[in-house]
Amino acid sequence: MKVLKVFLVLLLLAAACSGGGWWYLENQKVRLELYSPDMGAIFFNDRKTKTVSIYSKDDVLMYRKVYERSDDLPANLPQDIYTLLEFAGKNYFNCEKPDTEDELKLLKTYEISPAGLDDCIVLYEAEKAAYMYRDDAHYNLVLWKTAADLLKMHGRNGIYDAYMQTAYMQSDLWGLESASLFYLDRSAEFADESQILWLMSVLTLNTLPYENMEIFLRRTGEFAEYMIEQGRTSYRDAVRVPVEYNINKLTDNYPQYTSLILEEMERRGFQPSGEVVVTSGLNLDTIEKAKEAIAERMPLVPDGANIVLAVVNIEDGSVEALAANNRFRFRTMQMKRQIGSTFKPMVYLTAFNNGFRPNQLITDKPYEYKNHGKPYHPANFEDYYMGVIPLRKGLVFSLNNATIRLAMLTGLPKVAETAEMLGMNYDVKPYLAMPLGIFPLTVQNVAQVYSVIGGYGLRKDSGLVLSIRNTKGEPLYYVKRSPEQIVSPVSAYQILHIMQDVPRIGTARGTGLLPGTAAKTGTTDDYKDAWTAAIAPPYAIVAWVGFDDHRSMGEEATGGGLAAPVIAAFQKRMWNEWQKIDFNIPPGVVLKDVDYYSGVLPGDACTSQKTYTEAFAEDNIPEPCVRSAVEPLNTENTNKGQ
């Protein structure tokens, strides 16, 4: 009787355990049926291609950097890729496969098909879908159920597609297609057998060949051997074919220029996002011609002296060429030298913009000024003075005293303000010596300033970058200064009209500059710096010659003698030698013949045997036969300066 009681107790316990197990299994089954993994997560890809490509104005690729690349997988990939992925998923990765007898029974209990669950790639994608259940006590069961569901929904190849779309392929490349396009320069859709072996080895090893060639060759050999076993005998030869691939994600064919472009972009706050296509104003053909001009003139400058050439396109404001015999970045962008008489057009431009006329008379003679209580005696070059002259001659012949006199009559602060508004990167002070260009600027900056004069007073945003767009051609935001009219087009044209006489009869005569070129030379004290700035549409061109240590180049080293011929050599390469430079006459300008010596406009009461053509503002044309001066010609010549 006692034994029977024990048996009944054990029977009840067994029934209870059986019922509890059944209840537990049914509960888990219900949980698996109700669970909700993110099945779309395997296709989620937040990677976006991030590249910066820089092209020159003449459409030459100068620079390309892949910050990150992610390309869409082609619709039709070679079947061999899928075959190798299945082989790799079963043999080369570690994952929680259901491979024990108990785990396989568990799958059967919960009606989960084991087909495909021996593939780590499938399970890896299932992990992405079931990420929210990672802390579940029965996570493996959830993972396997998710993998089985994914296989039903997308098939093995669909899961492989998701994997290949997001796999990291080194060098900031994401996805098989990105790797194929970048490394092999062709779509994976058209990869041959040797390239397929290469891509699959990168994909499964997470390494490039040069990082461990021995392991890489072993992997490609194993892949080839497997494919041969599958009847793909062509892989017997494919494994022996070396694959040419690109391991440099940076193309930088012109680093001295692209570094400047990238710095300008950073300085203006541009942050690359997506695929960025930068068009630079630099023209490689123009740069080459600038270099050739420098090379031609180098033997003709003092031994050890340097030459710099800067070219700005007036029409779009871009810096089209920068060149130097050496130390390129320093000489074009950083080196600052006194600009000398290349500043003088700013004085005359300010005067004309404030109502002065180019035919008005001024006295060019030695003046004495009181500068903070001390006498200041500016002198002309070689102590040559022209007496009473029309204003234009002060600029054509670069007369210091006439120019300082005009600057004082116009207002030194006004001249300084005009210079800064034209774009001079210097705090120009209204000193008496200011009109003689005693302050330093870079060669590029001088060219940018002259481009405003050449653009009829319209200051455009001048730099190395013309535009930044995406691959669809849509403009991307890039901080640029809006065009601004600094002086009237009429005043700017009057300066250009006068400067055309500098190569013809002035300080740049006989230098080879093309007829019609508007130019201004500059020579600093002791012949340390030789400058010429020229305007020949569509370009503003500036040349500088000098020593790094500020030594004198000798008394023959003038702007006209050394710098102007550099521009002439450049012009020969840009235009033919018979080219004549012309300027459009803006509205509001009236051309009149005036007397060569007095600037008087002939009329019924006066005639002239020698005349030249002068440009006047239509609302400021002088009366015929009136000898007009900017001040009474008998004015005391000693004045207090600032």
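Just so you know, these numbers use all the heavy atoms, side chains as well, and skip hydrogens, waters and symmetry mates.
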For this session: If a pair satisfies salt bridge (Lys or Arg N to Asp or Glu O under 4.0 Å) and one of its residues is in residues 583-602, list it, with sequence neighbours excluded.
Result: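 Qualifying pairs, neighbours excluded: none.
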For this session: Hey, could you give me each pair passing salt bridge (Lys or Arg N to Asp or Glu O under 4.0 Å) that has a residue in residues 546-555? Not counting sequence neighbours.
Result: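 Of all non-adjacent pairs touching residues 546-555, those that pass salt bridge (Lys or Arg N to Asp or Glu O under 4.0 Å) are R327-D548, R331-D548, D549-R551.
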Distance from [X] atom [atom1] to [Y] atom [atom2], nearest 0.5 Å?
X    : Y    : atom1 : atom2 : result
I585 : L496 : CD1   : CG    : 11.5 Å
L309 : W544 : CG    : CH2   : 12.5 Å
N325 : K291 : CG    : NZ    : 12.0 Å
Q571 : I581 : CD    : CD1   : 5.5 Å

Exercise: do [X] and [Y] side chains pair donor with acceptor under 3.5 Å:
X    : Y    : result
T410 : T350 : no
S259 : R329 : yes
T286 : E320 : yes
Y597 : S608 : no

What residues, two or more places apart in sequence or in another chain, satisfy side-chain hydrogen bond (donor to acceptor under 3.5 Å, both in side chains) together with [X]?
X    : value
Y257 : none
Y385 : D383
R573 : E292, E296

Problem set entry | Given T507, T511, T342, T558, the one that forms side chain to side chain donor-acceptor pair (under 3.5 Å) with T521 |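 Only one of T507, T511, T342, T558 forms a side chain to side chain donor-acceptor pair (under 3.5 Å) with T521, namely T507.
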Problem set entry | Passing candidate, side chain to side chain donor-acceptor pair (under 3.5 Å) with N380, options N400, T403, D364 |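 Testing N380 for a side chain to side chain donor-acceptor pair (under 3.5 Å) against N400, T403, D364 leaves exactly one candidate, D364.
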Exercise. Can you check side-chain hydrogen bond (donor to acceptor under 3.5 Å, both in side chains) on K460 and S318, steps first, answer last?
Worked result: CA-CA 9 Å; K460 299 178 181 178; S318 65; over 6 Å; no
Problem set entry | Aromatic ring pairing Y369/Y376, orientation class (parallel under 30°, perpendicular over 60°, tilted between) |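 Answer is tilted, since the angle falls between 30° and 60°.
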For this session: Evaluate side-chain hydrogen bond (donor to acceptor under 3.5 Å, both in side chains) for D252 paired with T258, printing each intermediate quantity in order.
Result: CA-CA 7 Å; D252 198 358; T258 52; 2.6 Å; yes
For this session: Show your working on side-chain hydrogen bond (donor to acceptor under 3.5 Å, both in side chains) between S341 and S398 and close with a plain yes or no.
Result: CA-CA 7 Å; S341 294; S398 198; 3.2 Å; yes
For this session: Determine which pairs satisfy disulfide bond (SG atoms under 2.5 Å apart) with at least one residue from residues 517-625, sequence neighbours left out, and list them in order.
Result: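 Found C606-C625.
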For this session: Taking the six-membered ring of F439 (Phe, Tyr or Trp), confirm whether the NZ or CZ of K336 is under 6.0 Å from its centre and within 45° of its axis.
Result: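 Judged by the rule (NZ or CZ under 6.0 Å from the ring centre, within 45° of its axis), K336 is not positioned above F439.
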Problem set entry | Residue pair V312 / S462: nearest heavy atoms and the distance that separates them |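 Heavy atoms only, the tightest pair is CG1-OG, 4.0 Å.
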For this session: Provide the closest heavy-atom pair for R268 versus G463 in the form atom of the first, atom of the second, distance.
Result: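 Taking R268 first and G463 second, the nearest heavy atoms are NH2-CA, 4.5 Å.
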Problem set entry | Polar side-chain atom of T524 near backbone of D529 as donor-acceptor pair, under 3.5 Å |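 Present.
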Exercise. Got a salt bridge between K57 and D316, using NZ or NE/NH1/NH2 to carboxylate O under 4.0 Å?
Worked result: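 Salt bridge flag = yes for D316 with K57.
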